[in-house]
Participant: 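Got a structure here, written out as structure tokens. Questions coming.
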Amino acid sequence: MAAGTMRVGSTMRAGGPLRVAVVGGGPGGLYAAALLARQGHTVELWERSAPEDTFGFGVVLSDETLGGIEAADTVVYAALGAEFVRWDDIDIVHRGRLLTSGGHGFAAIGRRRLLEILHERCAGLGVKLRFRTGAPAAALLAASYDLVVAADGVHSATRQSGAAHFRPTLTSGRCRYIWLAADFAFDAFRFEIAETEHGVMQLHAYPYSADASTVIVEMHEKVWRAAGLDLCDEDESAARCAKIFGEALRGRPLHGNRSAWTEFRTVVNERWSHGNVVLLGDAAHTAHFSIGSGTKLAVEDALALAEAVAAQPDVPAALAAYEAARRPAVASTQRAAAASMRWFEELAGYVDQPARQFAFNLLTRSRRVTHDNLRLRDERFTRAVERDFGCPDEDTPPMFTPLKLRGLTLRNRVVVSPMDMYSARHGDGIPGDFHLVHLGARALGGAALVMTEMVCVSAEGRITPGCTGLYTAEQAAAWTRIADFVHTSAPGTALGVQLGHSGRKGSTRLMWEGMDDPLPEGNWPVVAASALPYRPGVSAVPRELTAADLASIRSDFAAAAVRAADCGFDLLELHCAHGYLLSGFLSPLTNHRTDAYGGPLENRLRFPLEVFDAVRAVWPDDRPMTVRISATDWAPGGTSAQDAVDIAAAFAAHGADAIDVSTGQVVADEAPEFGRSYQTPYADRIRGAVGVPVIAVGAISSWDDVNSLLLAGRADLCAVGRPHLYDPHWTLHAAADQSYAGPAAPWPAPYRAGSRKPPSGRG
């Protein structure tokens, strides 16, 4: 076999024993070796370090992981159970104030003791352990063994040698951290914040035995360098950290174990196996230590791999089954870990929050712990956070707390997102019975604010022939009919209009006929900040707007705003997102102008702000106005995080009452990071930096998420789109699910008989 070639296939006969090579003697590799040996396979393990060597101090395992260990191997489970330190509380120290949240349930053990237990189990099962010995190259092992398990860590040589196949991506975080230890046991998992002259530093600490604790000190790299910690050796670093967190440590020292400041590396691989070689644990994936996941993931990998080997007829099938089983769980954990890591990277933006809100924010940072979940764990703590937030009473969930914007009081915090329906009477922009039923149904469904789709300010500003407008008297009359229905049949519900112009994304087919595809006939000319097509070679090339064009479009927006006010809309939103005309001015990817409207952000903001001012001047003073922005283009060279903050600040300074924070859809070659609540961090950042109310959007699909975002101070309103398409009464059903029957979610009189969920089936 040629050097560097991994073996494809297996000599394994159905049900027969395998010859297994395990590379790496960490917990994942050892436990995989033990489980496979227990199945009757011949297992050899290579570990370059001595058996007594280990990095770090304590490890944390969840009840879920322990349950898997108990089911797979009661011997290891019993040995761990006799050694674990368990506790329920999390202590958070914020500006000298200690807050405690209980009911969390942790179990920890010293890493060295965990390895000893696994060494003993492997030896008892006949695993050949080779310590102080580097493993042969993966290609050589693959040629000699039926299965090669690469558990060789974050710096995996196996992964590196097979990189062309595994296709790894390694991403470094923005913080530096160091693993240290204290010779006493903390009473709980402790997070403590130190605001130093150099910046914010944080301590993560937890007990792992009766007389020892793991202590991790972390800070942004800029803070680390400013404090001079980049120049400190292990002993100096331990001494400095002990001094900074002296109160938490009760004046006791810290010590290291070959400890060094490092940056966290997130490892993702497109493939976890190549032939009969499979990656496990940190070699395959990593997740930030702030959710205690490294050893947990590796042990769960070992459990899944052993189960797949036992259940499948051969190695290829086993490895495919292992990866299929583990990928979804690992991806979910990595998303949670990424959210947690980002939270700590941006910690300086949260320290000014009130203490209890800060603590709630920290506890829910990964989105794995939510408001509802935390209330089950510690109702007393959660109720206190709710009172601080302003919930009228204990029976009112956060999402049903009113919010005032100018002269408009929204009875709850739920918004039906603007969603294009492409269902206007073809070509004339008039909303018809469909829009009456669509918006009316959602108005009856309990949300405080129901938004129209993007309503176009001119015929040339339409996206498709099916888009609605507010540039004719007939259109205005149709919108008045809808507004009257909402206000009469769903009193207390606010109706908002979103005004926009399609820009270079106009003159396209209806979404279900070919999204962003040009019309086969009847196209109208499109315009934009610059003559750049949305999809080169497919979309029409827009005409760059002249000074006269800009004046005309400003007038179109103002005229539409006057009509909107006359129609009875309660709120107006200016659409400056998603690559439409005004968004096209804001992004450096779509604005290449060389005049006063192009170049630096100050210039790119000029025309959107002129339009905002023109609309605000004619929009009634007591009615609020919001602006929707794309806070990132999800593309290199696009709108930066600081740009988004500056854009929001500019609109707020001109009188915007809230910023509706969306992302993307600006350029066709974007690469969004989809996931649950994936856009909310951008709203969170703007709210913290600018102090303006924000509307969070983006895959917010549960009432529990809404409550969590509000209590954590990440949003003031939550716009919920697709769930309201699935269930027009989503908000009322959210109230029923939470046993809320107060004034913020009234059932329409004709529907009150349905306010309780009907029984299902014979039950």
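Residue numbers run from 1 in the order of the sequence given. Since this is a predicted model, take the numbers as computed values, not measurements.
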Participant: Would you please name every residue forming a side chain to side chain contact (heavy atoms under 4.5 Å, CB included) with Arg380, sequence neighbours left out?
Facilitator: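 Arg380: side chain to side chain contact (heavy atoms under 4.5 Å, CB included) contacts with Asp378.
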Participant: Passes side chain to side chain donor-acceptor pair (under 3.5 Å), Thr214 versus Trp179? Steps please.
Facilitator: CA-CA 7 Å; Thr214 293; Trp179 289 82; over 6 Å; no
Participant: Side-chain donor-acceptor pairs under 3.5 Å in residues 337-344, sequence neighbours left out?
Facilitator:
residue, atom, partner, partner atom, Å
Ser340, OG, Ser290, OG, 2.5
Ser340, OG, Arg365, NE, 2.8
Trp343, NE1, Asn361, OD1, 3.0

Participant: Enumerate the residue pairs fulfilling salt bridge (charged side-chain N to carboxylate O under 4.0 Å, His left out) with a member in residues 22-33, sequence neighbours excluded, ordered by first and then second residue.
Facilitator: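 Sorted result for residues 22-33: empty, none.
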Participant: Please name all residues satisfying salt bridge (charged side-chain N to carboxylate O under 4.0 Å, His left out) with Glu120, sequence neighbours left out, ordered by chain then number.
Facilitator: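 Once residues adjacent in sequence are excluded, the partners of Glu120 under the salt bridge (charged side-chain N to carboxylate O under 4.0 Å, His left out) criterion are Arg113.
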Participant: Do Arg174 and His220 have side chains that get closer than 4.5 Å, going by heavy atoms?
Facilitator: yes
Participant: Any chance the rings of Phe289 and Tyr177 have centres within less than 6.0 Å?
Facilitator: yes
Participant: Under the salt bridge (charged side-chain N to carboxylate O under 4.0 Å, His left out) test, which residues partner Asp704, sequence neighbours left out?
Facilitator: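 Not a single residue meets the salt bridge (charged side-chain N to carboxylate O under 4.0 Å, His left out) criterion with Asp704.
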Participant: For Tyr678, which residues count as a ring-ring contact (aromatic ring centres under 6.0 Å, His included) partner, sequence neighbours excluded?
Facilitator: Phe674
Participant: Please tell me if the side chains of Thr133 and Glu47 come closer than 4.5 Å, counting only heavy atoms from C-beta onward.
Facilitator: no
Participant: Return the set of residues passing side chain to side chain contact (heavy atoms under 4.5 Å, CB included) with Glu270 (not counting sequence neighbours), or none when no residue passes.
Facilitator: Arg167
Participant: Would you please name every residue forming a ring-ring contact (aromatic ring centres under 6.0 Å, His included) with Phe184, sequence neighbours left out?
Facilitator: Phe186
Participant: Who are the ring-ring contact (aromatic ring centres under 6.0 Å, His included) partners of Tyr208, not counting sequence neighbours?
Facilitator: none
Participant: Sequence neighbours excluded, which residues qualify as side chain to side chain contact (heavy atoms under 4.5 Å, CB included) partners of Glu44?
Facilitator: Arg19, Trp46, Lys128, Arg130, Tyr145
Participant: Only counting residues at least two apart or in another chain, list the ones meeting side chain to side chain contact (heavy atoms under 4.5 Å, CB included) with Val267.
Facilitator: Val154, Arg159, Leu170, Asn269, Thr286
Participant: Assess whether a salt bridge exists between Arg676 and Asp705, defined as any Lys/Arg side-chain N lying under 4.0 Å from an Asp/Glu carboxylate O.
Facilitator: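 Answer for the salt bridge query: yes.
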Participant: Applying ring-ring contact (aromatic ring centres under 6.0 Å, His included), name anything that partners Trp703, two or more places apart in sequence or on another chain.
Facilitator: none
